[in-house]
Amino acid sequence: MTETTDRSADPVAVAAPFRYTAQLADRLETRWQDRWEAEHTFEAPNPAGPLADPGKVAERPKVYVLDMFPYPSGTGLHVGHPLGYIATDVVGRYKRMTGHNVLHALGYDSFGLPAEQYAVQTGQHPRVTTDANVANMRRQLRRIGLAHDPRRSIATTDVEFYRWTQWIFLQVFNSWYDHEAGRARPIAELVAAFETGARPTPGGRAWADLTDRERREAVDAQRLAYLSEAPVNWCPGLGTVLANEEVSADGRSDIGNFPVFKRSMRQWMMRITTYADRLIDDLDRLDWPESIKIMQRNWIGRSEGAQVEFAVAGADPARSLSVFTTRPDTLFGATFMVVAPEHALLSGALPAAWPDGTNPRWTAGAADPAEAVASYRAQAAGKTDLERQSERDKTGVFTGLFAVNPATGSAVPVFAADYVLMGYGTGAIMAVPGQDERDWAFAEAYDLPVVRTVQPVDGFVDAGGKAFTGDGPAINSGFLDGLAVVEAKATMTQWLVDRGTGVGTITYKLRDWLFSRQRYWGEPFPIVYDETGLPIALPESMLPVELPELADFSPTALAPDDELSQPIPPLGRVTEWVDVELDLGDGPRPYRRELNVMPQWAGSCWYELRYLDPTNTEAFVDPEVERYWMGPKSPGDVGGVDLYVGGVEHAVLHLLYSRFWHKVLFDLGHVSSEEPFRRLYNQGYIQAFAYTDERGQHVPAEEVTEDPREPGRYLWQGQVVEREYGKMGKSLKNSVTPDDMCRDYGADTLRVYEMSMGPLDVSRPWETRAVIGSFRFLQRAWRCVVDEASGRALVVDEPADEATRRIVARTVDGVARDMEGMRFNTAVAKLIELTNALTKLPVVPREAAEPLVLMLAPLAPHAAEELWSILGHDSTLAYAPFPVADPALLVDELVTCVVQVSGKVKARLEVAPTIGADELETLALADPSVVTSLDGRGVAKVVVRAPKLVNIVPAP
RNA sequence: GCCCCCGUGGCGGAACUGGUCAGACGCGCCGGACUCAAAAUCCGGUGACCGAGAGGUCAUGUGGGUUCGAAUCCCACCGGGGGUACCA
């Protein structure tokens, strides 16, 4: 320490110039951050390529630690943001000190709606706001002292990054899913199979007989990226379509909370559904929180059952009705059918008149079925999804048609009703009111018969039970009678297969991924259209397709409730970019570029791979580098990042999409790992109290004080305000910035506090006033080592006493375990205990001070580096070995044995840890207080858990 | 409605696979030292109730159960959080 600046302005510094104050912390933290950068301390060597340093790689096992990278927010960070980053930094630093080659980097998810919405709101070009926001976040994060490899900090908006995003899109576009092989294959192999006849063409005609266009269509229909005219989520407020995963349950956009409408549009899709089974099955091979796995399983929504064909009576045989059911065993109880209002059956001819004896309730007062159905369809079409979902009452109308139940041979009426959704299964169901609650409700409303096909458990009907969905023996079901549900399902499915009227099948809730957006701030597609309007992939040599500069980048402005206008992507305004002449192998021809851009998720689907090899210009990642950092560790291992930390909010978005892309890349042989993230850890949120005045407006939380006379009452500018609790952020006016904490206490204090608040995976409330505790801890640790007057080390080289050596060993052992288990809160507690113990010593021996400093290093790296240097070490402690406890010191000479009588502690014995059970029992029974407690009663039983516990059960 | 997670002092939280009178560590609070004073720092105390005291009784959302022994395992209920929702 050589600083002398401004000490006179700081009265404390005059008294103790080397006291650990916020100012001192600030100075030493900045100095160490500069030094780490100058000395390339945290640059991780690769096994090959430009970042290679093979000698260093060979020495150390690798660890890849990853954070979910942030999008560059305009408001900067609050203290909740770096929680996960600090945790991974602690892990990374600990791993370096235990001899690992640690890859840890942080980039920016800078394309997409969040970044673009911010630009639109501030009226600045997204390039400008994105760059400014990234710069600000880099500054804030650097201040926290994160040990990232700066060479690997990519942004998804970098041209050299998104050229590879486009390249991966081409891989997806140029591949198809071979269901027999269970994997994706290059599209050229599909063409070859068509040519040789190994695979039949869709129409069954010979490949040679097809026109060019027919061939194109046959191939395009198999691509994993394809154009499709389908109902999509149209969000006029954002001027774009959205993926299912980006729309909330109440039909609004996750971003901006605008209404979303279903609307048929031609869009790019990704065939994620072909991976549904693998996406579910491989969850079992991942070290992820069970809750996230459950959410992905539910989202994919795999359900096994049967598809059953019902002949429509009186109609031509082609008009059969196909339904999906998970309960083929209940077929004998299918007493009516229901189709969705949008079902194709309703577009065909309907009977001219109501059949004789039609129940008047079925007709909705219409003169004939056509009128009834038309009016019901119009009514259903006029409802939003939200309205449709909020109405639980069953409505519907008879179509005049009857279908033949293949099991009973009887004709059952077919209804149109909006409780059946077009988007799931076949859009039609066989209704079994006896075994399905919704069908029961419909049957009740429309006087339809109920046939129970599973014997309800005793008392179910008497207790008012209606549809019985549980297990039981089949009844009223002919050849199924007596079988339990599982066997009945299998038997019925086989029966249907034998008769050719059904087949066992699996359906999914998961839909293909809508991949295009009518926005500006995203990756352009490497796609052009020829004069006939067919999409053509650009060759790799034409990458990157750069996003053109555009002064007016706003999406087409539409009212949030405008369901009808066509979106015009902003790129459509750059005519000189859109209309191009290219030579794609058959001479220069005019083409028109794809105007849509990719969604926000494109870059985050593979960024973890680019960290590995960020400067590679030949490939998105060198296979050897990928194998080193992410390859399987053993046969059967899925490979991937060793530790991925982030919030739960991406459970079915980023975490599903990136698994899908990664599997495509694996299938095509571009990566050796089957999964991107072997281990996932969800950190909790930092929450904070927020306050509202009597109008319900949020007031700045930092200005609110608790009424000293009345705890639980909160005051802001003299008025009483209501307290609430929520996620920290701008809208609740309860943000606390890391900058303020660094200024008031220093980055190390912030880090220690965030790690000590509680278990990492649990949300917890921020309390600025509690930060002081972490500061005091660092101050005490500092004082153990440094003379506050001279700044010199205070430690002595004499051996420590036995007790000190034991507590050091115990702390080392416990902290190492806590680090491995990511229990940073208890690690901090143990370090505080050690520090408090050392504080009581007249002078701290070096053999206690050095382990303390080293253990502190992952949590409070700047202070630790400074103390390490004061202790006389020249180089950084980033790679100094983490202390190892002497096992001999972990075994106490005497342990306390508790003696209980009937489970109540009556005595304590100091015994050797190696004491035998018999000896301990004898000792316990002889103890005077035990004898008193037994009070002459005999002993019924003695439980001995040597050396810690003896429990004596007296005779009654 | 269904699925998942969680209920421990005034507060955040400890308690390894059921086993040392549960409450580590920190905040806050109370008392003391230093100071003209305050801040900062340091030392001590702090689950509730009864008792002058040693000590005793009650305590891990509520009620049952399993066990020699339960915050920990099982059942039911109450409360909170998250996911999902007419998915056949």
Side-chain angles (χ1 to χ4, degrees), chain A residues 11-12 15-16 19 21 249 289-295 297-299 301 303 305 323-327 330 338 388-394 417-421 423-432 435-439 441-442 507-509 648-649 651-652 687 706 711-712 752-753 756-759 761-774 776-777 779-780 783 788 814 817-818 821 823 825-833 835-836 839-840 895-909 940-945 947-954:
Chain A
V12 177
R19 164 165 294 186
T21 60
E290 200 52 39
S291 58
I292 299 281
K293 292 186 184 183
I294 289 169
M295 283 163 71
R297 283 191 200 104
N298 288 344
W299 188 263
S303 55
V323 303
F324 173 73
T325 177
T326 54
R327 295 293 302 276
T330 64
V338 184
R388 214 167 132 161
Q389 282 169 19
S390 61
E391 291 168 13
R392 290 270 147 176
D393 292 340
K394 298 285 179 288
D418 66 1
Y419 82 91
V420 171
L421 308 176
Y424 185 75
T426 61
I429 62 160
M430 61 180 218
V432 186
Q435 264 63 54
D436 183 282
E437 283 163 11
R438 297 152 301 178
D439 296 345
F442 192 84
T507 57
Y508 302 88
K509 281 200 309 190
V648 290
E649 67 272 20
V652 291
Q687 315 236 67
E706 190 167 6
V752 169
Y753 176 63
S756 68
M757 292 168 78
D761 57 354
V762 173
S763 293
R764 74 296 300 273
W766 177 267
E767 270 204 276
T768 296
R769 67 176 185 182
V771 176
I772 188 77
S774 300
R776 285 178 190 148
F777 157 54
Q779 210 168 41
R780 245 173 297 150
R783 207 179 306 119
E788 292 187 335
R817 285 171 203 275
D818 286 345
R823 294 181 297 268
N825 54 329
T826 50
V828 171
K830 291 181 174 91
L831 289 171
I832 294 176
E833 281 186 87
T835 303
N836 291 348
T839 301
K840 292 188 170 62
V895 294
T896 308
C897 176
V898 177
V899 184
Q900 301 175 330
V901 175
S902 300
K904 300 246 176 205
V905 177
K906 294 295 174 190
R908 244 168 261 163
L909 306 170
K941 185 174 176 182
V942 180
V943 181
V944 182
R945 291 283 178 277
K948 293 221 147 187
L949 180 127
V950 178
N951 191 11
I952 299 159
V953 187

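In this text the structure is predicted, and so the values were computed from the model without any measurement.
- Side chains of A:S303 and A:Y424: a donor on one and an acceptor on the other come within 3.5 Å.
- The listed nucleotides are B:C42, B:C4, B:U84; the one nearest the side chain of A:R783 is B:C42.
- As rounded to whole Å, 8 Å separates atom C1' of B:C16 from atom CZ of A:R817.
- Taking the side chain as every heavy atom from C-beta outward, A:V898 and A:K948 never approach each other to under 4.5 Å.
- Residue contacts shown for A:S303 are limited to sugar-phosphate atoms, with no base heavy atom under 4.0 Å away.
- Atoms NZ (A:K509) and C1' (B:C3) sit 11 Å apart, rounded to a whole Å.
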* To do: Decide yes or no on side chain to side chain donor-acceptor pair (under 3.5 Å) for A:D439 and A:Y419, but give the supporting numbers first.
  => CA-CA 9 Å; A:D439 296 345; A:Y419 82 91; 2.7 Å; yes

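- Contact of the A:I952 side chain with the A:V899 side chain is registered, since non-hydrogen atoms from C-beta on lie closer than 4.5 Å.
- A straight line from CG of A:L949 to P of B:C16 spans 15 Å, rounded to a whole angstrom.
- Atom name P, nucleotides B:A71 and B:G19: the rounded distance is 10 Å, in whole Å.
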* Step by step, would you call A:W766 with A:Y753 a ring-ring contact (aromatic ring centres under 6.0 Å, His included)? -> CA-CA 10 Å; A:W766 177 267; A:Y753 176 63; 5.0 Å; yes

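- Set against B:A88, B:U20, B:C68, the side chain of A:V953 has B:C68 as its closest nucleotide.
- Considering only the side chain of A:F324, B:A88 comes nearest among B:C43, B:C86, B:A88.
- One donor-acceptor pair, N or O on each side, does fall under 3.5 Å between the base of B:C86 and the side chain of A:K394.
- Sequence order on RNA chain B of the closest nucleotides to A:Y424 and A:P759 puts A:P759 first from the 5' end.
- Atom name C1', nucleotides B:G47 and B:C21: the rounded distance is 14 Å, in whole Å.
- The residue A:N825 sits close only to the backbone: its heavy atoms come under 4.0 Å of sugar-phosphate atoms, none of a base.
- Which of B:A40, B:G83, B:U84 sits closest to the side chain of A:R19 comes down to B:A40.
- B:U66 sits 14 Å from B:U72 when the C1' atoms are compared, rounded to a whole Å.
- B:G18 sits 6 Å from B:A70 when the C1' atoms are compared, rounded to a whole Å.
- Rounded to whole angstrom, the span from the CZ atom of A:R764 across to the C1' atom of B:C25 amounts to 15 Å.
- Atom P of nucleotide B:U84 and atom CD1 of A:I294 are separated by 13 Å, given to the nearest angstrom.
- Separation of the P atoms belonging to B:U20 and B:C16 is 9 Å when rounded to the nearest angstrom.
- For B:G61 and B:G51, the C1' atoms lie 30 Å apart once the distance is rounded to whole Å.
- In plain terms, the two heavy atoms of A:A431 and A:V338 that are nearest each other are CB-CG2, 4.3 Å.
- If you check every strand for non-hydrogen atoms under 4.0 Å, A:T325 touches sugar and phosphate atoms only.
- The same atom, P, is picked in B:C27 and in B:U46; the two are 16 Å apart, to the nearest Å.
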* To do: Could you summarise the pairing of RNA chain B as dot-bracket text, marking Watson-Crick and G-U pairs under 3.5 Å with ( ) or [ ] inside the strand and | across strands?
  => (((((((..(((......[.....)))((((((.......))))))((((....))))..(((((..]....))))))))))))....

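- Remark: A:T826 is not in phosphate contact with B:A24, judged by side-chain N or O atoms under 4.0 Å from OP1 or OP2.
- Glycosidic conformation, B:G64: anti, with the torsion outside 90° of 0.
- The backbone N or O of A:R19 sits nowhere less than 3.5 Å from a side-chain atom of A:R783 that would complete a donor-acceptor pair.
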* To do: For A:S756 and A:N825, run side chain to side chain donor-acceptor pair (under 3.5 Å): C-alpha distance rounded to whole Å, both residues' side-chain angles, the deciding distance at 0.1 Å, then the answer.
  => CA-CA 4 Å; A:S756 68; A:N825 54 329; over 6 Å; no

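- Between the CD atom of A:Q687 and the P atom of B:G80 there is a distance of 16 Å, rounded to whole Å.
- Listed nucleotides B:C86, B:A14, B:G19 differ in distance to A:D418; the shortest reach to its side chain belongs to B:C86.
- Along RNA chain B, the nucleotide closest to A:T839 and the one closest to A:V943 are compared, and the more 5′ of them pairs with A:T839.
- When distances run from any side-chain atom of A:L421 to the nucleotides B:A88, B:C68, B:G19, the shortest one goes to B:A88.
- Between B:C75 and B:G81, the distance separating the two P atoms is 24 Å to the nearest Å.
- Listed candidates were B:U84, B:A88, B:U41. Nearest to the side chain of A:Q779 is B:U41.
- Among the protein residues, A:N951 comes within range of the nucleic acid bases, having at least one heavy atom under 4.0 Å from a base atom.
- Residue A:Y508 contributes atom OH, which lies 13 Å from atom P of B:A88 at whole-angstrom precision.
- Phosphate contact (OP1/OP2 of B:U20, side-chain N/O of A:K948, threshold under 4.0 Å): absent.
- Pairing each heavy atom of A:M430 with each of A:R327, the nearest pair is CE-O, 3.7 Å.
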* To do: Spell out protein contact along nucleotides 26-35 of chain B as letters: B when the base is contacted, S when just the sugar-phosphate is, - when no protein heavy atom is under 4.0 Å; keep the 5' to 3' order.
  => SSS-------

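- The two residues A:V323 and A:I429 come nearest to each other via the heavy atoms CG1-C, 3.6 Å.
- Nearest heavy-atom pair across A:A441 and A:K394 is CB-CG, 3.9 Å.
- Atom CE of A:M757 is separated from atom P of B:G12 by 11 Å (rounded to the nearest Å).
- Closest to the A:I429 side chain, of the nucleotides B:A88, B:C25, B:G19, is B:A88.
- Between the side chain of A:R764 and the backbone N or O of A:V762, at least one donor-acceptor pair lies under 3.5 Å.
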